[in-house]
Amino acid sequence: MEDKCPEPIRCKAAVCRAAGEPLTVEEVVVDPPRAYELRIKIVCTSLCHSDVTFWRMKDFPGVFPRIFGHEAFGVVESVGEHVEGFAAGDSVVPTFLSQCSECTDCKSSRSNVCSKYRFAVRPGMPRDDTTRFRDAGGSPLHHFLGVSSFSEYTVVDVTQVVKVDPALPPPTACLLSCGASTGVGAAWKLAKVEPGSSVAIFGLGAVGLAVAEGARICGASKIIGVDLNPEKDELGKKFGVTHFINPKELGEKTVSQVIIEMTDGGADYCFECIGLAALMSDAFQSSREGWGKTIILGVEMHGAPFSIPSREILHGKCVMGSLFGGVKPKQDIPILAEKYLNKELELDKFITHEVALKDINTAFDLLLQGKSLRCTIWMDK
């Protein structure tokens, strides 16, 4: 008996038709998966700042109409040819970063950036740059980061899908798909924060607080949060932040001066989680001579260069870039999921709101107003 070939699926998706405009929930057609692809039924998704960044973007790679979303949890509905290790019914999370497990970078412990399927904000699928989405009129809809999870069904390349324990709550699985893994991974996997060390985090948004959580489980003794929002003082304590600095309340002193005083010479690890060259410089200045590490997680929002005094580099400081917190998706997300299930890693506190797909624009409003860390968007509510 021949296997039944998957057919196109009609479903609902939140479509953005122009930069900065509210999303509209429409009927779309999702094509069957091609070779090395999976079609996933999305259970829930969440809104990340990266979605907002590209939602606002008028010039390439900001292209429209587009289905955004990249932080999600779902169940495999069907698989294309040559897909191994996945079957219909598997619990999975999609990721924006590929892991082919074959290239030099994927085989090395020193990198998490696949060199065969390089990270790019392309409008289509990674292997052929074509789309699997059409609107009700038959016109193509663009993908986002190879995921496009603001749809009841989506098609994702096998290199961007990770199988997870079905015991993992769907909203928590969403967090591991991007934001939580990025922050926790930066502390745990990339910086390798040591027990008893000092950490300074510039920007206490979702990623910065995830860095704090990662530093906490690594055993850091002093976790300093830096943010202009005074409400982040109390919030940070829930994530392991032990000291809080509001730059507006320092008088004549600079942030770096205060951190150097607090840590008796500078923080062992500094994390920049906003994306401003000036803050990157502050973080570097706040790190300890001899072994201080500055980890850059934020993408400079204005494209400005980041300058480092060469004399200070000679004194032993270093700067590290971070994409997805150094996490290798297929290898490390299951480890983080296990840490959560074993109650070592606390993730539920990141989820502050939830809405139905039809109310997805509320999730945008909450994030833009600074009222939410993560808003879960349910497909079936």
For the residue pair K381 and A356, what are the closest heavy atoms and their distance? O-CB, 2.9 Å
Expected output: side-chain E71 to main-chain G179 donor-acceptor under 3.5 Å: yes
So, the side chain of R122 versus the backbone of G146: is there a donor-acceptor pair under 3.5 Å, distance only? no
Rounded to the nearest 0.5 Å, what separation is found between the CG atom of D233 and the CD atom of E231? 10.5 Å
For T130 and R132, run side-chain hydrogen bond (donor to acceptor under 3.5 Å, both in side chains): C-alpha distance rounded to whole Å, both residues' side-chain angles, the deciding distance at 0.1 Å, then the answer. CA-CA 7 Å; T130 58; R132 304 291 174 268; 2.7 Å; yes
Could you walk me through whether T159 and R127 pass the side-chain contact (heavy atoms from CB on, under 4.5 Å) test, one step at a time? CA-CA 11 Å; T159 62; R127 294 176 194 258; 3.7 Å; yes
Do side-chain atoms of K192 reach the backbone of K189 as a donor and acceptor pair under 3.5 angstrom? yes
Using modelled atom types only, decide if a donor and an acceptor are shared between the side chain of T172 and the backbone of L168 within a distance under 3.5 Å. no
Can you find a heavy atom in the side chain of I313 that is under 4.5 Å from one in the side chain of F284? yes
Is any side-chain heavy atom of P33 less than 4.5 Å from a side-chain heavy atom of V79? no
Here the gap from L190 atom CG to M320 atom CE, rounded to the nearest 0.5 Å, amounts to 4.0 Å
Does N342 have more than 12 heavy atoms from other residues, nucleotides or ligands lying within 6.0 Å of its CG? yes
Quick one: does F244's side chain get under 4.5 Å of D227's, heavy atoms only? yes
Minimum heavy-atom separation for S177 to V93, with atom names? CB-CB, 4.2 Å
Single-linkage hydrophobic cluster L279~L209, side-chain heavy atoms < 4.5 angstrom: no
Would you find a donor on one side and an acceptor on the other, under 3.5 Å apart, between the side chain of K317 and the backbone of S287? yes
Hey, quick one: are V43 and F68 part of the same hydrophobic cluster, counting side-chain heavy atoms closer than 4.5 Å, chains of contacts allowed? yes
More than 12 heavy atoms of other residues, nucleotides or ligands under 6.0 Å from CD of Q369: is that the case? yes
Going hydrophobic residue to hydrophobic residue with side-chain gaps under 4.5 angstrom, can you get from V226 over to I223? no
S256 side chain to D282 main-chain N or O, any donor-acceptor pair under 3.5 Å? no
At their closest point, which heavy atom of I274 faces which heavy atom of G203, and how far apart are they? CD1-CA, 3.5 Å
Just by distance, do the side chain of T131 and the backbone of H142 share a donor-acceptor pair under 3.5 Å? no
Less than 3.5 Å apart, any donor N or O on the side chain of D268 or S198 sitting next to an acceptor on the other? yes
d(L341 CG, L347 CG) to nearest 0.5 Å is 9.5 Å
About how many Å separate CD of E354 and OG of S372, when rounded to the nearest 0.5 Å? 12.5 Å
How about T263 and K222: do any of their side-chain heavy atoms sit closer than 4.5 Å? yes
Within one Ile-Leu-Val-Met-Phe-Trp-Tyr cluster: V211 and L204, side-chain cutoff 4.5 Å: yes
Nearest-0.5 Å distance that lies between atom SG in C16 and atom CG in L141: 11.0 Å
Side chain to side chain contact (heavy atoms under 4.5 Å, CB included) partner of V156, the single match among I40, L38, V92, T95: I40
Considering only heavy atoms from C-beta outward, does the side chain of K12 approach that of K358 to under 4.5 Å? no
Quick check: closest heavy atoms across S181 and I333, and the distance to 0.1 Å? OG-CG1, 4.1 Å
Under the salt bridge (charged side-chain N to carboxylate O under 4.0 Å, His left out) test against D90, which residue among K41, K163, R39 passes? K163
Can you tell me if CD on Q257 sees more than 12 non-hydrogen neighbours from other groups inside 6.0 Å? yes
Can you tell me how the ring of F150 sits relative to the ring of F364, calling it parallel under 30°, perpendicular over 60° and tilted otherwise? perpendicular
Would you call D31-R134 a salt bridge at under 4.0 Å N-O? yes
Let's go through C11 and V28 carefully: what are the C-alpha distance in whole Å and the side-chain angles of both, what is the deciding distance for side-chain contact (heavy atoms from CB on, under 4.5 Å) to 0.1 Å, and is it a yes or a no? CA-CA 6 Å; C11 67; V28 301; 3.9 Å; yes
side-chain contact (heavy atoms from CB on, under 4.5 Å) evaluation trace for F306 with S281: CA-CA 7 Å; F306 166 41; S281 180; 4.3 Å; yes
Mind checking what makes ring pair (Phe, Tyr, Trp, His ring centres under 6.0 Å) contact with F239, not counting sequence neighbours? F350
Side chains of R56 and L368: does their closest heavy-atom pair fall under 4.5 Å? yes
Indicate yes or no for a side-chain donor-acceptor contact from K328 to the backbone of S108 under 3.5 Å, with no hydrogens or angles considered. yes
Consider only side-chain heavy atoms of I, L, V, M, F, W and Y, link residues closer than 4.5 Å, and tell whether V199 and M280 are in one cluster. no
Please step through side-chain contact (heavy atoms from CB on, under 4.5 Å) for the pair F324 and D332, ending with a clear verdict. CA-CA 11 Å; F324 202 29; D332 294 325; over 6 Å; no
Checking K330 side chain against V161 main chain: does a donor-acceptor pair fall under 3.5 Å? yes
Would you call D51 and L367 a side-chain contact if the rule is heavy atoms closer than 4.5 Å? no
Taking only residues two or more places apart in sequence, or in another chain, which ones meet E213 in a side chain to side chain donor-acceptor pair (under 3.5 Å)? R216, K349
Of the non-hydrogen atoms in F144 and S148, which two are nearest, and what is the gap between them? N-OG, 2.8 Å
Donor-acceptor pair, distance only, cut-off 3.5 Å: does the side chain of E261 make one with the backbone of D264? no
Would you mind reporting whether L336 and E344 have side-chain heavy atoms less than 4.5 Å apart? no
On a heavy-atom basis, which atom in P123 and which in V63 lie closest, and how many Å separate them? CB-CG2, 3.8 Å
CG-OG distance between L373 and S46, expressed to the nearest 0.5 angstrom: 11.5 Å
With no hydrogens and no angle check, just 3.5 Å: does a side-chain donor-acceptor pair link T45 and S149? yes
